2 protein chains.
Amino acid sequence: MYSVAEENYLKSLFNLANEDDLIHLKHIGEWLDVKMSSVTNMMKRFADKGLVHYENYKPVRLTDRGKREAALIVRKHRLTEMYLVEKMGFGWEKVHTIAEQIEHIHAPDLFDKMDEILGFPTVDPHGSPIPDKDGNIMEVQHKSLSECEIGEKATLMAVRQSSSDFLNYLNVRKLYLGQTVEVKEIEPFDGSMKIIYGTDQTEILSKKVCDMLLVR
Amino acid sequence: MYSVAEENYLKSLFNLANEDDLIHLKHIGEWLDVKMSSVTNMMKRFADKGLVHYENYKPVRLTDRGKREAALIVRKHRLTEMYLVEKMGFGWEKVHTIAEQIEHIHAPDLFDKMDEILGFPTVDPHGSPIPDKDGNIMEVQHKSLSECEIGEKATLMAVRQSSSDFLNYLNVRKLYLGQTVEVKEIEPFDGSMKIIYGTDQTEILSKKVCDMLLVR
DNA sequence: ATATTTTTTTAGCCTAGACTAAAAATAAGT
DNA sequence: ACTTATTTTTAGTCTAGGCTAAAAAAATAT
């Protein structure tokens with residue numbers, strides 16, 4: 001059984017792992033908003049518990065067990081988000097902060113019940129995959145909108161960020177998951193895109209926004 | 001904002017207050033399963049925060065503010081229990097332990113939504129009143145079954161204990177809230193009662209059980 | 001009224017998990 | 001290659017909230 005602090009570290013490791021699975025301690029500190037020395041301490045404890053591979057002055061890597069444990073917390077988070085949206089009527093921009101708390105509850109029954117009531121969903125309201133009960137993640141290969149070319153049609157599948165600011169930005173522009181958009185123009189200078197979708201709606205999206213939108 | 005530990009102390013004070021509102025520190029320690037010295041410490045902190053009236057070597061008493069804060073945590077607990085039973089299909093014997101965790105979540109939206117979805121219930125699945133948003137408790141005057149006389153008919157309104165053992169005991173005997181029972185015999189020696197209810201079902205209930213059953 | 005038991009307080013210790021400040025190792029720039 | 005900047009580690013503090021053991025007060029029994 002892990003403490004809330006430990007679970008948050010696990011989650012940060014899950015979210016920060018790059019292609020080669022390496023995680024720089026600096027980034028953990030930034031993500032969790034704690035100082036580096038705290039991170040070092042916790043990573044040593046994690047190494048003792050067999051959750052990470054750790055060598056002095058090197059970036060850290062989750063062990064298989066660490067990956068599984070991390071995925072199980074993410075599972076609780078994403079199931080909760082889905083439940084809050086689908087069964088309680090919350091907007092997708094509200095659920096992240098509530099789920100951040102509920103994810104730390106130790107009650108397998110509760111999450112199994114959510115899963116069942118929701119009909120065993122595979123993605124959460126932000127399009128992120130929900131790990132299964134063994135911690136396995138269905139890998140999906142989305143590209144970001146900013147990789148699309150002029151004339152290309154793309155369907156919004158997920159967002160890279162779940163901050164309420166960003167989701168509100170999408171809400172006011174009616175950019176919901178499932179929406180298909182067509183790239184009309186790309187500004188070469190700053191990478192911003194003009195898109196058209198729905199009933200003649202057009203928007204200019206900055207590069208930053210396009211990076212955050214995952215499409216198929 | 002209170003810590004989990006503080007919230008648990010508040011809840012224990014709420015549950016242990018007797019007629020004259022006095023609470024012996026000993027009982028707090030037993031209820032929370034912590035040592036007396038820890039209780040003394042916390043009560044001093046509570047006194048500083050204006051949550052209790054405290055004098056050395058005397059039993060403690062919640063201030064008005066303390067009562068309100070305590071009731072608001074109990075509100076979260078009882079709304080959660082009701083939600084788990086009514087909307088997620090849990091048995092009343094399962095929900096206490098889950099609600100003990102969810103009650104510590106800081107998300108007014110979540111509990112307001114539960115309240116709304118449930119249609120603003122006034123009692124939880126165990127018949128205990130749910131405090132309102134200002135911390136006011138609807139006082140109900142139930143007597144316990146053991147105070148009834150032979151021939152008296154009484155309707156089960158609430159239970160004094162929510163332990164799963166006790167609730168399972170009631171489940172197997174189909175003694176649910178709302179059931180009306182008639183007292184057939186009272187054993188003068190040990191206070192046990194023979195009751196009849198439903199379609200000719202009879203049971204012998206010990207004094208201890210009768211004390212725990214609240215009726216009208 | 002005194003002795004005994006129970007309850008409460010005090011004093012000091014421990015752990016988790018943060019912090020700061022300084023030292024050491026690595027990475028980057030010229 | 002050497003200097004500078006960045007990242008990581010070490011060492012030592014702090015707070016919340018437990019703990020034990022001993023001392024003090026209150027309650028109970030003789």
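Bear in mind the structure is a predicted one, so any value in this text is a computation, not a measurement. Convention: sequence-line order gives letters A, B, ...; per-chain numbering from 1.
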- Query: For residues Asp165(A) and Ser163(A), is any side-chain donor paired with an opposing acceptor at under 3.5 Å?
  - Reply: no
- Between dT15(D) (C1') and Asp48(B) (CG): distance, integer Å: 15 Å
- Query: Do Ile137(A) and Phe14(A) come close enough that some side-chain heavy atom pair is under 4.5 Å?
  - Reply: yes
- Message: So if I take every side-chain heavy atom of Ser38(B) and compare against dG18(D), dA18(C), dT8(C), which nucleotide ends up nearest?
- Response: dG18(D)
- Message: Side chain of Met42(A) only, heavy atoms from C-beta on: which candidate in dA18(C), dC19(D), dG17(D) is closest?
- Response: dA18(C)
- Tell me: NZ of Lys58(B) to P of dA24(D), nearest whole Å? 20 Å
- Item | Spacing between Tyr2(A) atom OH and dG17(C) atom P, to the nearest angstrom | 13 Å
- Item | Atom pair distance, as rounded to whole Å: CE in Met36(A) and P in dT26(C) | 14 Å
- Item | Test item: Gln101(B) and Gln101(A) side chains (from C-beta on) under 4.5 Å apart, heavy atoms | no
- Note on the structure: Testing dT8(C), dG17(C), dG18(D) for proximity to the side chain of Ala5(A), the answer is dG17(C)
- Query: Looking at dG17(D), dT10(D), dT8(D), which one has an atom nearest to any side-chain atom of Lys26(A)?
  - Reply: dT8(D)
- Using a cut-off of less than 4.0 Å, is there contact between a side-chain N or O of Thr40(B) and OP1 or OP2 of dT8(C)? no
- Message: For Ile105(A), is there any backbone N or O sitting under 3.5 Å from a side-chain donor or acceptor partner on Lys76(A)?
- Response: yes
- Message: Check Glu152(A) with Lys143(A), please: is the shortest side-chain N to carboxylate O separation under 4.0 Å?
- Response: yes
- Query: More 5' along DNA chain D: Asn41(A) or Asn56(A), using each one's nearest nucleotide?
  - Reply: Asn56(A)
- Calculate the interatomic distance between Glu30(B) atom CD and dT7(C) atom C1'; express it in whole Å. 11 Å
- Task: Output the residues of residues 9-22 of chain A in contact with DNA chain C, where contact means a heavy atom of the residue under 4.0 Å from an atom of the strand; sort by number or write none.
- Result: Tyr9(A)
- Message: As an exercise, state the distance from CZ of Phe46(A) to CG of Leu10(A), rounded to the nearest 0.5 Å.
- Response: 4.0 Å
- Closest to the side chain of Tyr57(A), out of dA24(D), dA24(C), dC19(C), is dA24(C)
- Message: Nearest to the side chain of Leu25(B), heavy atoms from C-beta on, is which of dT8(D), dT8(C), dT10(D)?
- Response: dT8(C)
- Roughly, in whole Å, what's the span from CE in Met43(A) to C1' in dT8(D)? 13 Å
- Query: Is the closest basic N to carboxylate O distance between Asp211(A) and Lys207(A) below 4.0 Å?
  - Reply: yes
- Message: Between the base of dT8(D) and the side chain of Ser37(A), is there a donor and acceptor pair under 3.5 angstrom?
- Response: no
- Task: Whole angstrom is fine here: how far is it from NZ in Lys49(B) over to P in dG17(D)?
- Result: 7 Å
- Message: Nearest to the side chain of Glu6(A), heavy atoms from C-beta on, is which of dG17(D), dG17(C), dT9(D)?
- Response: dG17(C)
- Residue from Arg75(B), Lys11(B), Arg78(B) passing salt bridge (charged side-chain N to carboxylate O under 4.0 Å, His left out) with Glu103(B): Lys11(B)
- Task: Can you tell me the distance, in whole Å, between the CD1 atom of Ile28(B) and the C1' atom of dG17(D)?
- Result: 15 Å
